[in-house]
There are 4 protein chains.
Amino acid sequence: MADTDPIREQLAAARRNQILDAAAQVFAAKGFHRATTREIAQAAGVSEGTIYNYFGGKADLPAGIVMRLADLESLDAELLEALRGDVRAFFVAMFRHRAHRIEQSEEMLRAILPEVLVNPDLRDRFRADFVLRIATLLEEYVRVRVAHGDLRPVDPELVTRGVQGMFVGLLVLRILGDETLIERWDEMPEVCATLLFDGLVPEGGRR
Amino acid sequence: MADTDPIREQLAAARRNQILDAAAQVFAAKGFHRATTREIAQAAGVSEGTIYNYFGGKADLPAGIVMRLADLESLDAELLEALRGDVRAFFVAMFRHRAHRIEQSEEMLRAILPEVLVNPDLRDRFRADFVLRIATLLEEYVRVRVAHGDLRPVDPELVTRGVQGMFVGLLVLRILGDETLIERWDEMPEVCATLLFDGLVPEGGRR
Amino acid sequence: MADTDPIREQLAAARRNQILDAAAQVFAAKGFHRATTREIAQAAGVSEGTIYNYFGGKADLPAGIVMRLADLESLDAELLEALRGDVRAFFVAMFRHRAHRIEQSEEMLRAILPEVLVNPDLRDRFRADFVLRIATLLEEYVRVRVAHGDLRPVDPELVTRGVQGMFVGLLVLRILGDETLIERWDEMPEVCATLLFDGLVPEGGRR
Amino acid sequence: MADTDPIREQLAAARRNQILDAAAQVFAAKGFHRATTREIAQAAGVSEGTIYNYFGGKADLPAGIVMRLADLESLDAELLEALRGDVRAFFVAMFRHRAHRIEQSEEMLRAILPEVLVNPDLRDRFRADFVLRIATLLEEYVRVRVAHGDLRPVDPELVTRGVQGMFVGLLVLRILGDETLIERWDEMPEVCATLLFDGLVPEGGRR
DNA sequence: CATGAATGAGCATTCATTCAT
DNA sequence: AATGAATGAATGCTCATTCAT
């Protein structure tokens, strides 16, 4: 009777995921507004009513997708390791990490990004869960490395925006269907790291 | 009676723009799907029916906005001038140019980008009119400069994606409401140019 | 353009009445909740959408019906005349008046009464527009007549409730389908007047 | 295994009452249609499914409530006693009896009356169980008393409608929220008896 | 050309009912 | 008997589009 029944809990979580997966798939294919609850239900293999047993309504589905994506956003061990190593290696690792996550979650991101851009609530949540979470980390990293002289004396705040902008922009270009980008995606981390990092080495490094 | 009556033509063009401006404004505020033709008509100061005298329907409005934006996309004299000058100066000029256009057209872009991401027809048109037009130019520029040894021997195709990604990404971060980015927008061209360009100079340039 | 265009105004009022008539008819036949907007639209000979051009929604229809009924609730000349005449004659006139109005508006009343009993907003409006409006008048009349010795020294407030109760109750019995009451409805005013009034004459009148 | 197992029977009856009480409570608060089976189940402390083990469906609940109310409708000893006494005393007793029952069962009546007015089956059942049962008794009483000269020579059939109308009407005014009526409810039997009865005494009684 | 009332297809949402456990 | 997750038919409402004036 309590909502802590572990079995019920598990089943409910499974249903939620089942529905969110279906929703993401349909949103990605047709956009949030053109997707109907009927389609989502069909894609999930449940009835329309069932959606409402697990979510407040259609409008809650993108938020649910964002939340699930955010849960994945833990920095993995590999990246944490790179934090302490060579600066350029960190940049490469970070780009690899981001590129991997983007590739992995592209359907989800394609599904929600347009709606995120348009829905104020979702926008705030997305900014908090993704943009800021990563920005803060990156900004701090840049600040420290600049102080240590490992990086050129740039403005950490703005540089972070530039770097994140590149992440986000590449995602958008993928969504827009840039074939070159999709085909050669695996080469992008190296290219990006080169583009950005080599501009970040201190002047002294150039001598 | 002919459709080449210059006065009629002019009036019709004015009406079209009046409606597109209103549509862009409403789309920017509420998104394409949440905007109603009634609102757009009100914002434009015309009746709903009038919209249908100038456009096939609501779905044609984003395309109309894209088309108008594309008309603005002529490379202005300043930029063309920079093409032939110092490489770094060109990068700064290009970023300034882009940043300015983004700032100038933000409402329009905010209005259509989410729909562009979701509507295949619009997506193709947008890619052709914006992404590819600039990409092609930039790619060629990089190719030439690399051949001349003015730039490090990078892959022009991928580098172009990186640079354009940064443009697009910064626009998206603005739309997402990043306050720092909006407040310090004028500093971004310099920062971006530094970030990217200094990574593009040939190794020899570092000595 | 102003909402004071007399022709538009007239047409709009006609449509509103057309819709309210249809709604009353359907509500009377099936009750508020079992009536669908589709049915109402069909009965009114308009499309569903048109209902929403004239009313906020289904829930506004009973309120509209109440309002129209209230507009009819002006005391007619006949009754005002009776106010100044013989007391018993006034009671007969009043009961005739009420009985007539009930008979006349039975469909409307049958349509809304069940919903009035259940919907707080509607209930308050109904009480204010019908019950209290008549109660106040009647109470004052009784008070004056009691002071003049034309009526037995009763409590005007409670007597008014009793009299109005009888009005309302007879309406309800009609709605419940009491055949005797419906068949012999024309005799009720006399019967009611006898029942109530002869109990209101002062003791002295019995000698 | 037999359905005459007395213990099983008792438990089942208890469950039925438990559910009907909950239903009456929820119907009274929100009306039949706005009440959901989920709410009723919660109020009854059972699951939704259980309701269907004891009733055919939601539609059967009002009938169940009416039936239980009807079971209470036995004329109690006091009233039977009054039948044989003084005529005026009988009227007072009858009004007291009715007023008491109305007060006692107001929640149930408020719960079902709106639905009774709208649902044909329920309407017939209600009329048979309540209106007619009392009407028949009262009509016969009046007929006898008129024959004996204890009452003025009125039409028993119509007078009965008038009296019952007052009962029903006062209930409706209570449901409508007439504060005076609720506050001074205990005084109403006397007032009503005076109103009605003194008009029923034979002319001779006035001397 | 402009208007805006009318249209009705389309959709999210609700909720009585079922049935496997 | 009891449960409550799943169901899906039913319905109120929106809004792009049409067209008579």
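In what follows, every chain begins at residue 1, and chains take the letters A, B, ... in the order their sequences are listed.
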> Are any non-hydrogen side-chain atoms of D/R34 and C/N119 less than 4.5 angstrom apart?
Replying inline: yes

>> Given 3.5 Å as the limit, does a donor-acceptor pair link the side chain of B/E115 with the main chain of B/F32, or not?
In response: no

> Going by heavy atoms in the side chains, are D/F27 and C/V118 under 4.5 Å from each other?
Replying inline: no

>> What is the distance, to the nearest angstrom, from the CD1 atom on B/I40 to the P atom on F/dT17?
In response: 10 Å

>> Counting the atoms with a prime plus P, OP1 and OP2 as sugar-phosphate, which does D/A35 contact under 4.0 Å by heavy atoms, base, sugar-phosphate, or nothing?
In response: sugar-phosphate

> Any donor and acceptor pair, going by atom type alone, linking the side chain of C/R16 with main-chain N or O of C/Y54 inside 3.5 Å?
Replying inline: yes

> Rounded to whole angstrom units, what separation is found between the CD1 atom of A/I7 and the C1' atom of F/dT3?
Replying inline: 15 Å

> Any idea which of E/dA16, E/dA6, F/dT7 is nearest the C/Y54 side chain?
Replying inline: E/dA6

> Between C/F32 (CZ) and F/dT11 (P), how many Å, whole number?
Replying inline: 13 Å

> So which nucleotide from F/dT17, E/dA6, F/dA2 ends up closest to the side chain of B/K58?
Replying inline: F/dT17

> To the nearest Å, how far apart are D/Q10 CD and F/dA1 P?
Replying inline: 14 Å

> Hey, does D/T50 reach any base, or is it just sugar-phosphate, or nothing, if we go heavy atoms under 4.0 Å?
Replying inline: base

> Distance check: side-chain N/O of C/Y52 vs OP1/OP2 of F/dC13, anything under 4.0 Å?
Replying inline: yes

> Among the nucleotides E/dC15, E/dA12, E/dT3, which one has an atom lying closest to any side-chain atom of D/T36?
Replying inline: E/dC15

>> Heavy-atom nearest nucleotide on DNA chain F for D/I51 versus C/H33: which residue maps closer to 5'?
In response: D/I51

> Taking atom CZ of B/R125 as the centre, does the number of heavy atoms from other residues, nucleotides or ligands within less than 6.0 Å exceed 12?
Replying inline: no

>> For a quick test of reading the model: is some side-chain N or O of B/T37 closer than 4.0 Å to OP1 or OP2 of F/dA16?
In response: yes

> F/dA16, E/dA5, F/dA2: which one has an atom nearest the side-chain heavy atoms of C/R8?
Replying inline: E/dA5

> Base, sugar-phosphate, or nothing: which does D/G57 touch, judged by heavy atoms less than 4.0 Å apart?
Replying inline: sugar-phosphate

> Please give, in whole Å, the distance from F/dT14 P to C/F55 CZ?
Replying inline: 15 Å

> In whole angstroms, how far is the P atom of F/dC15 from the CG atom of B/L61?
Replying inline: 16 Å

>> Need the pair for F/dA1. Rule: Watson-Crick or G-U wobble, both distances under 3.5 Å, any strand; none if unpaired.
In response: none

> Paired with F/dT17: which nucleotide, if any, by Watson-Crick or G-U wobble criteria at under 3.5 Å for both distances?
Replying inline: E/dA6

> Which pair of non-hydrogen atoms, one from A/A24 and one from A/M108, has the smallest distance, and what is that distance?
Replying inline: CB-SD, 3.3 Å

> CD of B/E39 versus C1' of F/dT17: gap in Å, rounded?
Replying inline: 17 Å

> Below 4.0 angstrom from OP1 or OP2 of E/dT13, is there any side-chain N or O of A/R38?
Replying inline: no

> Given that C/R34 and C/G56 both sit by DNA chain F, which one's nearest nucleotide is further toward the 5' end?
Replying inline: C/R34

>> I want to confirm an ordering. Mapping D/A59 and B/E48 to their closest nucleotides on DNA chain E, which one lands closer to the 5' end?
In response: B/E48

> Roughly, in whole Å, what's the span from CG in A/N53 to P in E/dA16?
Replying inline: 14 Å

